[in-house]
Amino acid sequence: MVIIMLGAQGTGKGTVAGIISEHTGLVQLSTGDIFRKNIKEQTQLGIEANKYIAKGDLVPDEITVPMVVEYLDSEIVKNGVILDGFPRSLAQAEKLDKILAERGKKVDLVVNLTTPRDEIIDRILTRRVCSNPKCKTTYNLKMHPPIKEGICDKCGSELIQREDDSNEESINKRLEIYDNQTAPLVEYYRKKGILRTEEVSIRINRMGKQVASDIIKDIQEK
Ligand code: AP5
Ligand code: MG
């Protein structure tokens, strides 16, 4: 099974994908997390990707697409995958369709998360993530803070703020890129009949956990 998480920055793609992954065994493949791991380890890929990520730009397809293909072909995703952060443009979506078709697969479900813009900015500024790349649990200082300040509840590692989350300029640039390049994918997948749109917002009292549990139920019934 191939699931795509679609949605602007801070809508909860990583949060929802993490919960679905925990309950279904589908592997969460976050391109942003892979880039950040490489940046931390100062690999060639990380050094190159950081030139774009720090500014809030998309990493070029020549770097991103082969990296995703390598993961899709690896043993860990043989039971299915939740793509979190890929594709982000029509070009990437078309490439993904081709890559999957060559492997006898297809995209089964696209989960499109929507959240009001002011809520998104507030969530990103108050997001903290576990620094342990094996854990990566996401917290929110307002909505779901850790029990002990600055420490991950699950693994005890230090919580950090992502570099691209710390300034509003980079956040706004990421949102602008979403509007221009990623938002057209909503129509692309709607036409294919595989789009499921979910509003995730404090205003309607519908949080990532509920959205994830509804999706898990549907996956398990299928
Ligand atoms: P990436 O890591 O994917 O970052 P992003 O797109 O900015 O998305 P986010 O991770 O910010 O949002 P999210 O929806 O996962 O939100 P989260 O669950 O954390 O990419 C980083 C960079 O890598 C890109 O800018 C780009 O440069 C590069 N890149 C990645 N993929 C690429 C690609 N395909 N092509 C080219 N370049 C690529 O939630 C946000 C916050 O809200 C958290 O604090 C969370 O605790 C909180 N929260 C979540 N749900 C709720 C809720 N329901 N109520 C209240 N708070 C909530
Ligand atoms: Mg994320």
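It should be emphasised that the depicted structure is a prediction, and the values quoted were computed from it without experimental measurement. When a ligand or atom number is given, it counts from 1 through the structure's own listing order. What's counted below: heavy atoms across the whole structure, side chains too, no hydrogens, waters or symmetry copies.
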Does any N or O in the side chain of Asn50 come within less than 3.5 Å of the main-chain N or O of Gly46, such that one atom is a donor and the other an acceptor?
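Absent.
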
Decide whether Ser131 and Glu158 meet the rule of one side-chain donor and one side-chain acceptor closer than 3.5 Å.
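No - no donor-acceptor pair under 3.5 Å links their side chains.
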
Does the Lys NZ or Arg CZ of Lys191 fall within the cation-pi geometry relative to Tyr189 - under 6.0 Å from the ring centre and within 45° of the axis?
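No, Lys191 does not sit over the ring of Tyr189.
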
Applying side-chain hydrogen bond (donor to acceptor under 3.5 Å, both in side chains), name anything that partners [X], two or more places apart in sequence or on another chain.
X: Arg174; answer: Asp165
X: Arg162; answer: Asp164
X: Arg196; answer: Glu198, Asp218

Dump the pairs for me: ligand 1 N or O, protein N or O, distance under 3.5 Å, to 0.1 Å.
residue: ligand 1; atom: 2 (O); partner: Arg36; partner atom: NH1; Å: 2.9
residue: ligand 1; atom: 2 (O); partner: Arg36; partner atom: NH2; Å: 2.9
residue: ligand 1; atom: 3 (O); partner: Arg88; partner atom: NH2; Å: 2.5
residue: ligand 1; atom: 4 (O); partner: Arg162; partner atom: NH2; Å: 3.0
residue: ligand 1; atom: 6 (O); partner: Arg88; partner atom: NH1; Å: 2.9
residue: ligand 1; atom: 6 (O); partner: Arg88; partner atom: NH2; Å: 3.2
residue: ligand 1; atom: 7 (O); partner: Arg174; partner atom: NE; Å: 3.1
residue: ligand 1; atom: 7 (O); partner: Arg174; partner atom: NH2; Å: 2.6
residue: ligand 1; atom: 8 (O); partner: Lys13; partner atom: NZ; Å: 3.4
residue: ligand 1; atom: 10 (O); partner: Arg127; partner atom: NH1; Å: 3.2
residue: ligand 1; atom: 10 (O); partner: Arg162; partner atom: NH1; Å: 2.8
residue: ligand 1; atom: 11 (O); partner: Arg127; partner atom: NH1; Å: 3.0
residue: ligand 1; atom: 11 (O); partner: Arg127; partner atom: NH2; Å: 2.6
residue: ligand 1; atom: 11 (O); partner: Arg174; partner atom: NH2; Å: 3.2
residue: ligand 1; atom: 12 (O); partner: Gly10; partner atom: N; Å: 2.8
residue: ligand 1; atom: 12 (O); partner: Arg127; partner atom: NH1; Å: 3.4
residue: ligand 1; atom: 14 (O); partner: Thr11; partner atom: N; Å: 3.4
residue: ligand 1; atom: 14 (O); partner: Gly12; partner atom: N; Å: 3.0
residue: ligand 1; atom: 14 (O); partner: Lys13; partner atom: N; Å: 2.8
residue: ligand 1; atom: 14 (O); partner: Lys13; partner atom: NZ; Å: 3.1
residue: ligand 1; atom: 15 (O); partner: Gly14; partner atom: N; Å: 2.9
residue: ligand 1; atom: 16 (O); partner: Gly12; partner atom: N; Å: 3.4
residue: ligand 1; atom: 16 (O); partner: Arg127; partner atom: NH1; Å: 3.4
residue: ligand 1; atom: 18 (O); partner: Gly14; partner atom: N; Å: 3.4
residue: ligand 1; atom: 18 (O); partner: Thr15; partner atom: N; Å: 2.9
residue: ligand 1; atom: 18 (O); partner: Thr15; partner atom: OG1; Å: 2.6
residue: ligand 1; atom: 19 (O); partner: Arg127; partner atom: NH1; Å: 2.5
residue: ligand 1; atom: 20 (O); partner: Arg88; partner atom: NH2; Å: 3.3
residue: ligand 1; atom: 27 (O); partner: Asp57; partner atom: O; Å: 2.5
residue: ligand 1; atom: 31 (N); partner: Thr31; partner atom: OG1; Å: 2.7
residue: ligand 1; atom: 31 (N); partner: Gly85; partner atom: O; Å: 3.2
residue: ligand 1; atom: 31 (N); partner: Arg88; partner atom: NE; Å: 3.1
residue: ligand 1; atom: 31 (N); partner: Arg88; partner atom: NH2; Å: 3.3
residue: ligand 1; atom: 34 (N); partner: Gly85; partner atom: O; Å: 2.8
residue: ligand 1; atom: 34 (N); partner: Gln92; partner atom: OE1; Å: 3.0
residue: ligand 1; atom: 35 (N); partner: Gln92; partner atom: NE2; Å: 2.9
residue: ligand 1; atom: 37 (N); partner: Val59; partner atom: N; Å: 3.0
residue: ligand 1; atom: 44 (O); partner: Tyr139; partner atom: O; Å: 3.0
residue: ligand 1; atom: 44 (O); partner: Asn140; partner atom: ND2; Å: 3.0
residue: ligand 1; atom: 46 (O); partner: Tyr139; partner atom: O; Å: 3.4
residue: ligand 1; atom: 46 (O); partner: His144; partner atom: NE2; Å: 2.9
residue: ligand 1; atom: 53 (N); partner: Gly208; partner atom: N; Å: 3.0

